[in-house]
Amino acid sequence: MKYYPNVIDGEKEFTYKEFGERTDQLSVVLHKAGIRKGDHVAVMLPNTHYMLESFYGICQMIALKHCLVFKIL
């Protein structure tokens with residue numbers, strides 16, 4: 001059986017299980033940092049797997065995520 005990754009970002013590939021583990025790790029770290037339900041979390045990341053992980057990790061905590069958009073001239 002051929003392996004097909006579920007999350008692909010350039011040369012990085014993750015299964016949903018691996019992606020879920022990374023998301024869970026982020027939620028734990030944010031909780032230890034004091035982020036709680038209803039808190040606002042600002043995120044400034046390029047459009048990579050890190051942005052996707054932050055979206056699910058923060059939503060998993062029932063916190064509110066705000067994406068900060070930046071433009072390099």
Side-chain angles (χ1 to χ4, degrees):
M1 174 184 257
K2 188 169 180 180
Y3 163 75
Y4 293 100
N6 305 109
V7 178
I8 301 171
D9 178 17
E11 293 185 16
K12 296 183 188 235
E13 300 178 348
F14 305 97
T15 63
Y16 283 130
K17 181 178 189 247
E18 292 167 333
F19 180 75
E21 289 168 353
R22 293 173 62 89
T23 300
D24 291 344
Q25 288 174 350
L26 176 62
S27 294
V28 168
V29 169
L30 291 173
H31 189 266
K32 286 181 179 178
I35 303 299
R36 299 292 183 263
K37 178 180 179 178
D39 286 350
H40 295 255
V41 179
V43 177
M44 181 182 263
L45 292 167
N47 190 16
T48 63
H49 67 93
Y50 297 116
M51 178 61 87
L52 194 59
E53 290 166 4
S54 73
F55 175 80
Y56 286 102
I58 293 168
C59 288
Q60 189 168 279
M61 298 181 61
I62 314 176
L64 304 171
K65 179 180 181 242
H66 301 281
C67 294
L68 304 176
V69 178
F70 64 95
K71 184 175 182 181
I72 300 173
L73 300 175

Legend entry - Listed partners of L26 passing side chain to side chain contact (heavy atoms under 4.5 Å, CB included), at least two apart: L30, S54

Legend entry - Set of residues satisfying side chain to side chain contact (heavy atoms under 4.5 Å, CB included) with respect to D39, sequence neighbours excluded: I35, R36

Inset, instruction - Dump the intermediate steps for side chain to side chain contact (heavy atoms under 4.5 Å, CB included) on D24 and Q60, then the final yes or no. - result: CA-CA 8 Å; D24 291 344; Q60 189 168 279; 3.0 Å; yes

Inset, instruction - Decide whether M61 and V43 are clustered together by the hydrophobic rule: side chain heavy atoms of Ile, Leu, Val, Met, Phe, Trp, Tyr closer than 4.5 Å, transitively. - result: yes

Legend entry - Expected output: side-chain T23 to main-chain G57 donor-acceptor under 3.5 Å: no

Inset, instruction - Run the numbers on Y56 and R22 for side chain to side chain contact (heavy atoms under 4.5 Å, CB included), then give the verdict. - result: CA-CA 10 Å; Y56 286 102; R22 293 173 62 89; over 6 Å; no

Inset, instruction - Please report the closest heavy-atom contact between L64 and G38, naming both atoms and the distance. - result: CD1-O, 4.1 Å

Legend entry - Which atom of T15 lies closest to which atom of N6, heavy atoms considered: CA-OD1, 3.4 Å

Legend entry - Salt-bridge contact E21-K17 (side-chain N to carboxylate O under 4.0 Å): yes

Inset, instruction - Grab the two heavy atoms, one from F19 and one from L52, that are nearest each other, plus how far apart they are. - result: CZ-CG, 3.6 Å

